[in-house]
Amino acid sequence: MERIVIQGGRGLRGTVFVSGAKNAVLKLLVSALMTEELCTFRNVPRLADVTNMMHVLQGLGAQIEMTADRTVQVQARTLGYVAPEAAVRRMRASIQIMGPLLARLGRVRVALPGGCDLGARPIDLHLKGLTALGATFVESHGYIEGRCRRLRGAEIHLDLPSVGATENIMMAAVLAEGTSVIQNAAREPEIADVAAALNAMGARIRGAGTGEIVIEGVTSLRGCDHTVVPDRIEAGTYLVAGAMAGEDVVVRAVVPQHLDAVIAKLREAGAHIQTGPDWIRVRRGSLRPIQLRTQPYPGFPTDMQPQFVSFLTHAHGTSMVTETVYTSRYKYVDELRRMGADLVVEGNVCIVRGPKRLSGTHVSAPDLRAGAALVMAGLVASGTTVVDGVEHIDRGYDGLEEKLAGLGASIRRFGQGQQRTG
């Protein structure tokens with residue numbers, strides 16, 4: 001088992017470059033199933049989830065090549081409709097193959113997906129939208145099988161602005177007959193990025209990134225050459241690191257507007273922030289307590305909540321963080337308490353009392369963003385912090401320890417017979 005070891009207390013200084021967005025690239029790879037032609041994706045992060053999605057597509061029959069310059073080429077001339085079970089069960093995003101396969105093949109069979117255990121995340125909105133387009137589904141023994149003769153355009157209102165459901169329905173509607181409208185669609189920038197790639201392939205999508213998406217169906221798609229949008233959650237994580245331990249940190253290759261809510265809360269808490277066209281500069285300040293509530297985009301992202309709880313342990317006073325998206329997102333709290341944090345969880349609210357001087361100890365990451373939060377805590381803790389559960393971190397961060405070490409952190413990865421220094 002691999003682990004990350006951090007010697008805390010070193011100030012961060014320098015520039016860090018953000019990789020392509022995990023939450024865009026997984027869906028972009030899936031979109032290549034909708035055409036027989038070659039699709040090229042650039043700025044693809046090296047993540048466990050990307051590798052797993054590539055295994056899913058290969059299991060369906062797609063040909064995939066990843067080059068050293070973080071470019072992935074996908075060609076799906078011939079496809080099967082049964083997704084490889086083992087790969088699907090490791091990652092929730094694999095459910096996104098449903099829309100494209102129904103649109104192209106008229107059939108799909110997939111196991112119920114896995115991923116981080118963050119509480120109930122049913123796929124009923126996916127099924128509701130695809131059913132409205134003309135698909136029928138049978139669920140039994142942990143599998144879902146869908147069929148259709150030809151998808152037809154429909155008006156679909158989502159009860160919640162689900163990112164995955166929005167993307168799955170949008171991709172299916174691209175090859176449906178007629179016009180589809182998705183109301184109360186999720187507005188995340190990654191959805192707009194996927195729509196931009198699909199439009200480059202010949203789709204007719206309007207309104208992606210807003211609450212109403214209109215899709216005029218086409219009969220076929222061509223290939224594309226698309227560069228993945230920067231990862232706003234990775235960028236936000238480095239901003240938190242800079243606000244906690246940064247003497248002067250510049251985060252580059254980023255879209256600052258995608259982080260408006262995160263930047264606003266960092267400034268409210270006392271961090272010093274400057275922004276440019278594709279960069280954000282952060283320096284730590286005298287930290288103040290804040291109230292924080294997660295919301296769908298453009299609200300404060302749930303994927304930044306654990307990092308902010310770690311950050312707020314250093315604020316002078318009591319902060320209150322309310323989680324509205326996932327029911328089981330506070331599993332990391334006990335690990336931060338082991339480091340000396342004063343945290344109380346009442347329902348979906350975490351009360352953070354600070355400032356607390358954290359002490360390094362042995363902790364374990366229960367999920368992806370929790371792992372990042374524990375690493376952030378280790379940067380400012382006294383002594384040595386050992387973080388297990390690194391496989392979770394690798395699902396969403398491309399070279400986390402190398403990038404932090406490039407800013408001056410004392411951080412190493414051990415395991416699998418290797419020592420890797422950032």
Side-chain angles (χ1 to χ4, degrees), residues 19-84 87-88 91 93-110 150-151 164 166-177 189-206 208 215-231 253 398:
S19 301
K22 165 186 179 285
N23 290 332
V25 72
L26 298 179
K27 321 303 173 56
L28 288 165
L29 292 173
V30 168
S31 73
L33 299 177
M34 301 174 65
T35 176
E36 295 182 4
E37 296 187 15
L38 181 68
C39 293
T40 300
F41 302 107
R42 305 183 189 277
N43 194 32
V44 175
R46 294 188 181 274
L47 305 174
D49 272 10
V50 170
T51 300
N52 200 64
M53 183 61 82
M54 290 167 63
H55 289 159
V56 171
L57 301 189
Q58 287 170 329
L60 290 167
Q63 302 297 310
I64 300 179
E65 180 181 358
M66 186 171 192
T67 64
D69 65 348
R70 285 173 163 69
T71 297
V72 173
Q73 293 186 317
V74 184
Q75 189 155 21
R77 288 194 182 94
T78 59
L79 285 176
Y81 69 89
V82 181
V88 168
M91 182 179 59
S94 55
I95 203 70
Q96 302 296 146
I97 68 172
M98 296 179 70
L101 289 185
L102 284 168
R104 182 170 166 188
L105 303 179
R107 191 173 182 186
V108 63
R109 187 171 189 265
V110 60
R150 174 73 194 273
L151 297 177
T166 297
E167 291 166 326
N168 223 343
I169 298 163
M170 180 176 73
M171 284 193 273
V174 163
L175 293 179
E177 181 181 339
E190 295 80 15
I191 295 172
D193 196 45
V194 173
L198 288 167
N199 283 340
M201 296 163 70
R204 297 173 180 173
I205 303 171
R206 304 191 309 274
I215 308 107
E216 296 177 38
V218 298
T219 56
S220 63
L221 295 177
R222 55 182 176 267
C224 70
D225 190 322
H226 181 81
T227 299
V228 182
V229 71
D231 194 311
D398 184 352

Verify, without hydrogens or angle tests, whether [X] (side chain) and [Y] (backbone) share a donor-acceptor contact under 3.5 angstrom.
X	Y	answer
Asp398	Leu47	no
Glu37	Leu221	no
Asp231	Ser19	no
Arg107	Leu101	no
Asp193	Ala24	no
Asn43	Val228	yes

To the closest 0.5 Å, what do you measure between [atom1] ([X]) and [atom2] ([Y])?
X	Y	atom1	atom2	answer
Asn52	Leu26	CG	CG	9.0 Å
Gln73	Asp225	CD	CG	8.5 Å
Ile95	Glu167	CD1	CD	13.5 Å
Leu29	Ser94	CG	OG	12.5 Å
Gln75	Leu33	CD	CG	12.0 Å
Leu28	Arg42	CG	CZ	13.5 Å

Legend entry - Residue Arg77 excluded, over 12 heavy atoms near CZ under 6.0 Å: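 Counting other residues, nucleotides and ligands, CZ of Arg77 stays at 12 neighbours or fewer.
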Inset, instruction - Would you indicate whether Arg204, at its atom CZ, is surrounded by more than 12 heavy atoms from other residues, nucleotides or ligands within a distance under 6.0 Å? - result: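 Counting other residues, nucleotides and ligands, CZ of Arg204 stays at 12 neighbours or fewer.
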Heavy-atom pair with the smallest gap, counting every atom of [X] and [Y]:
X	Y	result
Met171	Pro100	SD-CG, 3.9 Å
Val110	Ala83	CG2-CB, 4.1 Å
Ala172	Ala103	O-CB, 3.8 Å
Gln96	Val30	O-CG1, 3.4 Å
Ala196	His226	CB-CE1, 4.2 Å
Ile191	Met170	O-CE, 4.1 Å

Inset, instruction - State plainly whether the residues Arg206 and Glu216 are in salt-bridge range, i.e. N to O under 4.0 Å. - result: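 Between Glu216 and Arg206 there is a salt bridge, with a charged N closer than 4.0 Å to a carboxylate O.
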For residues [X] and [Y], determine if any side-chain heavy atom of one lies less than 4.5 Å from a side-chain heavy atom of the other.
X	Y	result
Thr219	Leu175	no
Arg46	Val50	no
Met201	Cys39	yes

Inset, instruction - Apply side chain to side chain contact (heavy atoms under 4.5 Å, CB included) to Arg104 and Glu36, showing your working. - result: CA-CA 10 Å; Arg104 182 170 166 188; Glu36 295 182 4; 3.1 Å; yes
Using atom types as modelled, flag every donor-acceptor pair under 3.5 Å from a side chain in residues 60-68 to any protein atom, sequence neighbours excluded.
residue: Thr67; atom: OG1; partner: Asp69; partner atom: OD1; Å: 2.2
residue: Thr67; atom: OG1; partner: Thr71; partner atom: O; Å: 3.3

